[in-house]
2 protein chains.
Amino acid sequence: MSVAALARAPSSRDKILDVAEGLFARRGYSGVGMREVADGVGLGKSSVFHHFKSKAELYSAVCIRILATIERALVGSLAIGGKPTLRLERCIGTLVDVLVDHPTYARLLLRSMFEDDDLPRDGPESESVHRAIGGVLEPMAALLREGMAAGELRVASVPHVLILLVGSMVFPFASGDFGHELLGADVFERDQVRRLKREALDLVRAGVGATHG
Amino acid sequence: MSVAALARAPSSRDKILDVAEGLFARRGYSGVGMREVADGVGLGKSSVFHHFKSKAELYSAVCIRILATIERALVGSLAIGGKPTLRLERCIGTLVDVLVDHPTYARLLLRSMFEDDDLPRDGPESESVHRAIGGVLEPMAALLREGMAAGELRVASVPHVLILLVGSMVFPFASGDFGHELLGADVFERDQVRRLKREALDLVRAGVGATHG
DNA sequence: GTCTATAATAGGATAGAC
DNA sequence: GTCTATCCTATTATAGAC
């Protein structure tokens, strides 16, 4: 991406992706029509089909863009270095920050993880999304393995711990009304984010860290 | 429910609920048509509308039935008694058992928590579902409060801990292909369930339990 | 309680003018 | 790149016969 690209006015393609991201996050793949997307951008339906040849392609483009953003933040955070436990905590902090900066992400991530049956199974789009998910998970799995090998983390099955962590980190920011009712305030409020982050870190420190006795 | 009811052949209403539960879990509210439900039961579309006057009513009936089942299992498990930590662990074990016995539950639960925007907002159905969710969460919150007051659990914000726990307990069994790829095996296989349960209990024991030093 | 028939609308996708 | 017009199918829901 060139420097000029940073200042360039957003293309129609980008605008479509932005609108679609918000809609898919709120109502899922089947709940959103191409007409609604087009209206949101201020284009005709056919123009949207000019940029994305099918709805499935648009959906996976949205997912891949999100996953790429998260992967970039994650590997950047991990590259700073430090002991595995320190990197794990920073990694979780970064993940939470990204999810909070982009309130559509958590919902879309969770949806993409269990809306397999919504999309045409095993299409080429589906594979690209799976690869992008792998790009996010692999660094975290490697970090867990390293921490366990170094004796800093409790030795456990990495994938099983990882799936629990993903659930507890991503779900709160996808929970919407449910979370609002439970906390008595919006999940994305500064104060709620701060407390969720602290609880998450405490849970991980104690729950995944090596037992000291 | 009478004793005779236990042996009675399932009514059309029950059959519709069963089929709809499976379909809604797989493809969500918008992804399922009433025709598909009717075909699955072996009825005409109009017959389904005779039993449920709208799609929204059918969906909330499915959600409420699930939440009632979970609540029943949960309060039954909590009624056995014991120290808060013991009850919390048994409660989590019971929750996992229910989710495993009914593979549609986890997905439908998560969907119902963040498909608020899918359904007509603030309708009477939506309120019934919210009340049913409260019936499941309240006993768990009370348990956490009791454990903290007794000094058995780390003192923390109950709702924030609860939302993390819900995410980590429910998400794995809703994760479908994603979980399958991560674990290298189906999430509902006996072995995977056993290991997930152990990791979840370890995480809770260490992560929520009082620090011993 | 179940059916056929129908209404009224919206869905994804394409053709072709400009 | 965007538009209008169109195709075909599916959608939720209702009316009324049996």
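All values derive from a computational prediction rather than experimental measurement. Numbers restart at 1 for each chain; the letters A, B, ... are given by sequence-line order, proteins then strands.
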query = Would you say a side-chain N or O of A:S12 is under 4.0 Å from OP1 or OP2 of D:dT2?
reply = yes
query = For B:R195 and B:D202, what are the C-alpha separation, side-chain angles and deciding distance, and is it a salt bridge (charged side-chain N to carboxylate O under 4.0 Å, His left out)?
reply = CA-CA 10 Å; B:R195 297 179 76 169; B:D202 283 354; over 6 Å; no
key: Protein-nucleotide distance (A:R35, atom CZ; D:dC7, atom C1'), rounded to Å   = 17 Å
query = When B:V100 is tested against each of B:D97, B:V96, B:V98 for side chain to side chain contact (heavy atoms under 4.5 Å, CB included), which residue passes?
reply = B:V96
query = Charged N to carboxylate O below 4.0 Å: is that the case for B:E199 and A:R154?
reply = yes
Taking distance alone, no hydrogens or angles, what donor-acceptor pairs closer than 3.5 Å link side-chain atoms of residues 182-193 of chain A to residues at least two apart or in another chain?
residue : atom : partner : partner atom : Å
A:D186  : OD1  : A:F188  : N            : 2.8
A:D191  : OD1  : A:R194  : NH2          : 3.0
A:Q192  : OE1  : B:H160  : NE2          : 2.8

ask   = Quick one: do the B:S77 and B:T94 side chains pair a donor with an acceptor below 3.5 Å?
value = yes
query = Could you state the CZ-P distance from A:F52 to C:dT14, rounded to the nearest angstrom?
reply = 16 Å
task = Start with the C-alpha distance between A:D14 and A:R8, add both sets of side-chain angles, then the distance that settles salt bridge (charged side-chain N to carboxylate O under 4.0 Å, His left out), and finish with yes or no.
result = CA-CA 11 Å; A:D14 291 333; A:R8 192 160 49 213; over 6 Å; no
message = Rounded to whole Å, please give me the gap between CG in B:L58 and C1' in D:dT11.
response = 15 Å
task = Could you identify which residues of residues 39-46 of chain A place a heavy atom less than 4.0 Å from some atom of DNA chain C, listed by residue number, or say none?
result = A:K45, A:S46
A:R27 CZ - C:dA10 P separation (whole Å) = 14 Å
task = Pick base, sugar-phosphate or nothing for A:V32, based on heavy-atom distances below 4.0 Å to the nucleic acid.
result = sugar-phosphate
query = Between A:D14 (CG) and D:dG1 (P), how many Å, whole number?
reply = 12 Å
request  = Look at A:H50 and C:dT14 and indicate whether a side-chain polar atom (N or O) is within less than 4.0 Å of OP1 or OP2.
outcome  = no
request  = Please state how far atom NZ in A:K55 lies from atom C1' in C:dT14, giving the value in whole angstrom units.
outcome  = 17 Å
inquiry  = Could you tell me how far apart A:M34 (CE) and D:dT9 (P) are, to the nearest whole angstrom?
reply    = 20 Å
key: Nearest-angstrom distance from the residue atom CZ of B:F49 to P of C:dT4   = 16 Å
request  = Please work out which of the three classes, parallel, tilted or perpendicular, describes the rings of A:F24 and A:Y59, given edges at 30° and 60°.
outcome  = perpendicular
